[in-house]
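First the structure, which I've put down as structure tokens, then a few questions once you've had a look.
Below, chain A is the first sequence line, B the second, and so on; all start at residue 1.
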Amino acid sequence: MSLRNCQCIRILDVSPVGQLKKPDEFFELKLEYPNWDGWKPGQFVMIRPTGWELDLLWARPFSICSADGETLTLFVQKVGRGTSRITALKPGDTVSIWGPLGNSFAMEPDTPTLLLAGGIGIAPFRGYVEHHSHPENLRLFLAHRLPLECYPFGQLSSKVEGLCMLDGQPDDLQYIIAAMKEQIREFAEKDGLVLACGPTPFMRTVQTFANEFGVRAQVSLENRMACGVGACLGCVTKDGNDHHVQVCTKGPVFWTDKVKL
Amino acid sequence: MSLRNCQCIRILDVSPVGQLKKPDEFFELKLEYPNWDGWKPGQFVMIRPTGWELDLLWARPFSICSADGETLTLFVQKVGRGTSRITALKPGDTVSIWGPLGNSFAMEPDTPTLLLAGGIGIAPFRGYVEHHSHPENLRLFLAHRLPLECYPFGQLSSKVEGLCMLDGQPDDLQYIIAAMKEQIREFAEKDGLVLACGPTPFMRTVQTFANEFGVRAQVSLENRMACGVGACLGCVTKDGNDHHVQVCTKGPVFWTDKVKL
Amino acid sequence: MDMKVSFGGLNLKNPVMTASGTFGFGLEFAPYGDLTKLGGIVAKGLSLKPREGNPMPRIAETPCGMLNAIGIQNPGVEDFITKALPALPWKDVAVIANLYACDAAEFGELAGVLAGEEGVAALEVNVSCPNVKEGGIAFGQDPKQICKVTEAVKKNAGNKPVIVKLSPNVTDIVTCARAAAEGGADSLSLINTLSGMAVDIRNRQPRIANVIAGLSGPAIKPVALRCVHQVVQAVDIPVVGIGGIASAEDALEFILVGAHAIQVGTANFLRPDFSFDLVDELEKLLEDIGAESLDEFRGSLKLPL
Amino acid sequence: MDMKVSFGGLNLKNPVMTASGTFGFGLEFAPYGDLTKLGGIVAKGLSLKPREGNPMPRIAETPCGMLNAIGIQNPGVEDFITKALPALPWKDVAVIANLYACDAAEFGELAGVLAGEEGVAALEVNVSCPNVKEGGIAFGQDPKQICKVTEAVKKNAGNKPVIVKLSPNVTDIVTCARAAAEGGADSLSLINTLSGMAVDIRNRQPRIANVIAGLSGPAIKPVALRCVHQVVQAVDIPVVGIGGIASAEDALEFILVGAHAIQVGTANFLRPDFSFDLVDELEKLLEDIGAESLDEFRGSLKLPL
Ligand SMILES: Cc1cc2nc3c(=O)[nH]c(=O)nc-3n(C[C@H](O)[C@H](O)[C@H](O)COP(=O)(O)OP(=O)(O)OC[C@H]3O[C@@H](n4cnc5c(N)ncnc54)[C@H](O)[C@@H]3O)c2cc1C
Ligand SMILES: Cc1cc2nc3c(=O)[nH]c(=O)nc-3n(C[C@H](O)[C@H](O)[C@H](O)COP(=O)(O)OP(=O)(O)OC[C@H]3O[C@@H](n4cnc5c(N)ncnc54)[C@H](O)[C@@H]3O)c2cc1C
Ligand SMILES: Cc1cc2nc3c(=O)[nH]c(=O)nc-3n(C[C@H](O)[C@H](O)[C@H](O)COP(=O)(O)O)c2cc1C
Ligand SMILES: Cc1cc2nc3c(=O)[nH]c(=O)nc-3n(C[C@H](O)[C@H](O)[C@H](O)COP(=O)(O)O)c2cc1C
Ligand code: FES
Ligand code: FES
């Protein structure tokens, strides 16, 4: 098991991604690599900037996007007060960070694997692709609301087969859902694996189709979290037996037949 | 009456004063000049940095140190959470500011006037000296705990007669009090005016000697303030008739025979 | 969007009022905005006789809040009527007097003095003042007393609407609200401050001379919302929401749970022009979130079945 | 400095405990610090039968605080005894069970089950849970019930010390404290959460499925300090201070007003190593402010005459 102690580390760089159209929604955060002895794609960290005064109490959870022995990279979408302040951090600022937390995505190098990302849900898949020994078995499908350049899609589609669809007009959603269904059916037919990360409605859709076609599938949940360590019971979801389980420790990744969304 | 509307203005510069010995206790803050049609030495402003979240609710009061049509200068001592954050502001950051507030020091150009400053209490006297038409009638006495270079003493002692005493050792205080007494007696004898600004115990001592020698004297009080406009009644002091009066609007400057300390 | 609101005998041009004790007599804020822009001004607490209030220190900052124990320092109701009231633009903004007394008879008397004042739009009864030692707490926390005081004020108030201001320092705020309604209150305002305390570990003294003080500001907003919600659900008379409002979003939260108007207290200390700006921001935010009208939005909280 | 503290049948190596519901069963925090460094660990609330707790969402952030309505989700007392307890280093740190039930008889039964467990240092009785709809509120807010429950627990607790945890959502906390003392409590812990609420103006829904939830964190510290102060002044049994502690200074404030120990709740979410660090910081700060000893400092608040 990897060390999960809480550390105070320095920000190396915060840079907006896809400046051109929407300059300040997506950010790549580079931090000093914490003293970890490993991590797995799908795991996440809790981050709380030092010197946040007390009016934002909680840390915020972010998927580990990528890491080498020197740098930890996160991919952060600015959606509210916490992410606004996190993306305004400057090099040299410090954060409390604990992790790697939670379980990880199934990794079966020889199985055809479909990666379904809804928007920012692409974050953990960057690490997944980097960790995968047979990227030729991977296909990445991204549903995106903003211009493609806002996401780390290019970095991935150079290594794996990539598909993307813009969710820009009201009608787009139905085409995306239809395409997703088709993809899931295809991977069910080749006895593949489906991994998904994105907003809850997106995860529900994936679950429905996975059930329909009987394919093995995992979804990563983004429930609100206070502690990240399984203690507060604020982040729970229902498992297959209708029991409340912590998303932070029993997840964030769940097999679609073992979770109620 | 001058305009006292609340404005959002930019910080031009924040620089530590007297770096050498104690690098981060005293700061000179330069701000854009707010759209005022005037101000008087002894008046103050309330300042609250924009983007302070809600865990420091109140603005903080500071004496107007000096101002020309372009720049407003304050002199800030870091003593707690609020002043720590104010002195960490960067050029371009903005603050809400309202003022000029309160009354001002008596200004009688032809009267020999003794300015008694305790530490940071020197701040309003910089403006006083600059506004005075006969600085040769002024004498400045500063009791200081930190090295002299930490205070804007040099700027003033080039224009007026300046005396200063270091309050460094436990014994120093009694000598300072004795010297102050002597000074006050001297100005009483020449029918002068005594103006004082500093911590409350310092103001009490001034009051005692002023009474003893029957000299006209004013003290500026530094009570904690929430509104700065006379509304909250959190800053009151007792006047000569034992009535509670607001320091922010009836003061901060009081004649020593019209206030109970 | 039409921001006018009428309830409990009051007609306000918008739901933004300022809370008693945080806006002086209103005039202190005239240099920072147009007083007639506000929905209403609740003046600082008034007693029959002038009061010097509590000893110093009286205020302390706390996490996202503040403590105060001013002790209803005020020049007395007569002074208000002769000095502050005539100086206020009461023809163009509802000026509400806030009444403080220590028994029902005195409350009645106060109401009688103000009943004839054309410039006073309504009377708000402070049955809760948790700051003042002399029996303040017990009396605002006892439904029977609340009813009695309300009756006494109502009896002498002539045609002035009566707002009863409730304390949150009770086991059951709904019982207190019912007691005020029973006593004839035209509307309720809540909450007053929570009973709190702060100490200094270095000098080992309380930070407030009165030791116990009233907690206000954003920190108490969740408690205030809960109280307003409970009272709106249980009582038929209109409610004015107070407690920790520091943004247009906060104000709309109170309206969403069913408040007809809101009062801004501690946030007036964030910036003296806060309440003035809030009037505009409130209307804009209502539009932004797609509300059809203030009436449609008010109380439209969807509760789980 | 000697940080040991003994009170109400408990001997702790220092006054820092973790509050129920915010530190899991303790084991969740083992990767972040040495559990045996703490003065005590209060485990999450236990009921006789397993409980699924409330529907989601259960938590919301508020200014300097948070709301929770977990609803005492727990695997039941038997599961605790067979799984978590044996895994905890209870020989080297006081492990305190927190009991939740909805009537006195059930509380007694729970106490009976735990009385024989060597690993349990004391029982903390949660008479206040403001989160759970089924009668939770009324029953923790009624002095008679508090006394009855305390008696029932005490009767079955064997030689385990009993701590009664009080709710601040009452008109008079002193009466509740007296009732617990009368029922035989060895000590009191306070405060539990304040009853609060949050709503979302965009989807017009409560932010917590249970609608009403418990407010905790720095926002409530002034209320907690006031409650501890009032109880310490009025009641003879020792008090554990809880509510908004987020620094060593906060912890010392509670000790200054007279608490024997303190519990850290919401601040465990600031950083999972918060409570571990607090142990060191507390000792250091006590020395910095020139206290002679913990005993000398405790309750040394200078009140005005
Ligand atoms: C395991 C996990 C991994 C995550 N990975 C990433 C990541 O790699 N990159 C990234 O940008 N975000 C990620 N998130 C989501 C991220 O944590 C939230 O966006 C963030 O906490 C929002 O904080 P805020 O203060 O800015 O928003 P708030 O002001 O708290 O809320 C703003 C809006 O966002 C919604 N919201 C806030 N937090 C969440 C949440 N946790 N889940 C769903 N909705 C929320 C609120 O309902 C509100 O509408 C992850 C979440 C989890 C649980
Ligand atoms: C009219 C007026 C003019 C002032 N002019 C200046 C000035 O020109 N330069 C300057 O540096 N300071 C000035 N002050 C004092 C300044 O406002 C306080 O130092 C500041 O508010 C402290 O805020 P803080 O958050 O840093 O300290 P806090 O964390 O609030 O307190 C830190 C310590 O300082 C004490 N303290 C805090 N505020 C005050 C206060 N207002 N009066 C006395 N003690 C206090 C506290 O008791 C505590 O011991 C003035 C005050 C007033 C009322
Ligand atoms: C400094 C101060 C003085 C107050 N004085 C009074 C008062 O005289 N009468 C009254 O009914 N309420 C008084 N209050 C309570 C406020 O009107 C309001 O109910 C409370 O502060 C909660 O609102 P807030 O959180 O927006 O401040 C006072 C509050 C403060 C902060
Ligand atoms: C998520 C959460 C769960 C809680 N669960 C319990 C519980 O099971 N039993 C209990 O007695 N108190 C429970 N509490 C209350 C805390 O123990 C504590 O009394 C309260 O949070 C105030 O302290 P704080 O401000 O330091 O958090 C819970 C608090 C939180 C935040
Ligand atoms: S975030 Fe606390 S249990 Fe999952
Ligand atoms: S600071 Fe509010 S009255 Fe002076």
For the residue pair D:Tyr32 and A:Leu101, what are the closest heavy atoms and their distance?
OH-CD2, 3.4 Å

Using a cut-off of 6.0 Å, state whether more than 12 heavy atoms not belonging to A:Gln174 lie near its atom CD.
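Yes.
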
Heavy-atom pairs under 4.5 Å with chain A are the metric here; pick the option from D:Cys64, D:Gly24, D:Ala246 that has the most.
D:Cys64

Which portion of D:Ala219 sits near chain A, non-hydrogen atoms under 4.5 angstrom
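Neither part.
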
Heavy-atom pairs under 4.5 Å with chain D, option from A:Gly230, A:Ala226, A:Gly82 with the top count
A:Ala226

Is it the backbone or the side chain of A:Leu56 that comes under 4.5 Å from a heavy atom of chain D, or both, or neither?
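Both parts, backbone and side chain.
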
Region of D:Phe25 that comes under 4.5 Å of a non-hydrogen atom in chain A
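Neither part, no heavy atoms under 4.5 Å.
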
Quick one: closest heavy-atom pair of A:Ala231 and D:Phe29, and the distance?
CB-CE1, 3.4 Å

Heavy-atom distance under 4.5 Å to chain D: side chain of A:Asp242, backbone, both or neither?
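The backbone, not the side chain.
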
Residue-level interface, residues 58-79 of chain A with chain D, non-hydrogen cut-off under 4.5 Å
A:Trp58, A:Ala59, A:Arg60

If you count the non-hydrogen atoms of other residues, nucleotides and ligands that lie under 6.0 Å from NZ in D:Lys284, is the total more than 12?
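Open.
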
May I have the step-by-step check of side-chain contact (heavy atoms from CB on, under 4.5 Å) for A:Leu54 and D:Leu270, ending in yes or no?
CA-CA 9 Å; A:Leu54 296 168; D:Leu270 294 180; 4.2 Å; yes

If you count heavy-atom pairs under 4.5 Å with chain D, which of A:Cys235, A:Ser96, A:Gly234 comes out on top?
A:Gly234

Taking the side chain as everything from C-beta on, heavy atoms only, tell me whether A:Asn223 gets closer than 4.5 Å to D:Met56.
yes

Does D:Phe269 form a side-chain contact (heavy atoms from CB on, under 4.5 Å) with A:Leu57? I'd like the steps, not just the answer.
CA-CA 7 Å; D:Phe269 308 152; A:Leu57 281 180; over 6 Å; no

Checking A:Met225 against D:Ile59 for the side-chain contact (heavy atoms from CB on, under 4.5 Å) test, could you report, in this order, the C-alpha distance in whole Å, the side-chain angles of both residues, the deciding distance, and whether it holds?
CA-CA 8 Å; A:Met225 296 179 174; D:Ile59 55 173; 5.9 Å; no

With side chains defined as the heavy atoms from C-beta onward, is the minimum distance between D:Glu28 and A:Thr249 less than 4.5 Å?
no

Just so I understand: if I count every heavy-atom pair under 4.5 Å between each of D:Gly217, D:Pro63, D:Gly65, D:Gly53 and chain A, which residue has the most?
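The residue among D:Gly217, D:Pro63, D:Gly65, D:Gly53 with the greatest pair count is D:Gly65.
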
Can you find a heavy atom in the side chain of D:Glu52 that is under 4.5 Å from one in the side chain of A:His243?
yes

Distance-only donor-acceptor hits, side chain of residues 73-80 of chain D, under 3.5 Å, sequence neighbours excluded:
| unit_1 | atom_1 | unit_2 | atom_2 | d |
| --- | --- | --- | --- | --- |
| D:Gln73 | OE1 | D:Arg58 | NH1 | 2.7 |
| D:Gln73 | OE1 | D:Arg58 | NH2 | 2.9 |
| D:Gln73 | NE2 | A:His244 | O | 3.0 |
| D:Asn74 | OD1 | D:Ser47 | N | 3.1 |
| D:Asn74 | OD1 | D:Gly76 | N | 2.8 |
| D:Asn74 | ND2 | D:Ser47 | OG | 2.8 |
| D:Asn74 | ND2 | D:Ile72 | O | 3.0 |
| D:Asp79 | OD1 | D:Lys83 | NZ | 2.8 |

Got more than 12 heavy atoms from elsewhere within 6.0 Å of CZ, A:Arg10?
no

Using side-chain contact (heavy atoms from CB on, under 4.5 Å), reason through D:Asp273 and A:Trp98 one step at a time and then give a plain yes or no.
CA-CA 10 Å; D:Asp273 51 6; A:Trp98 56 107; over 6 Å; no

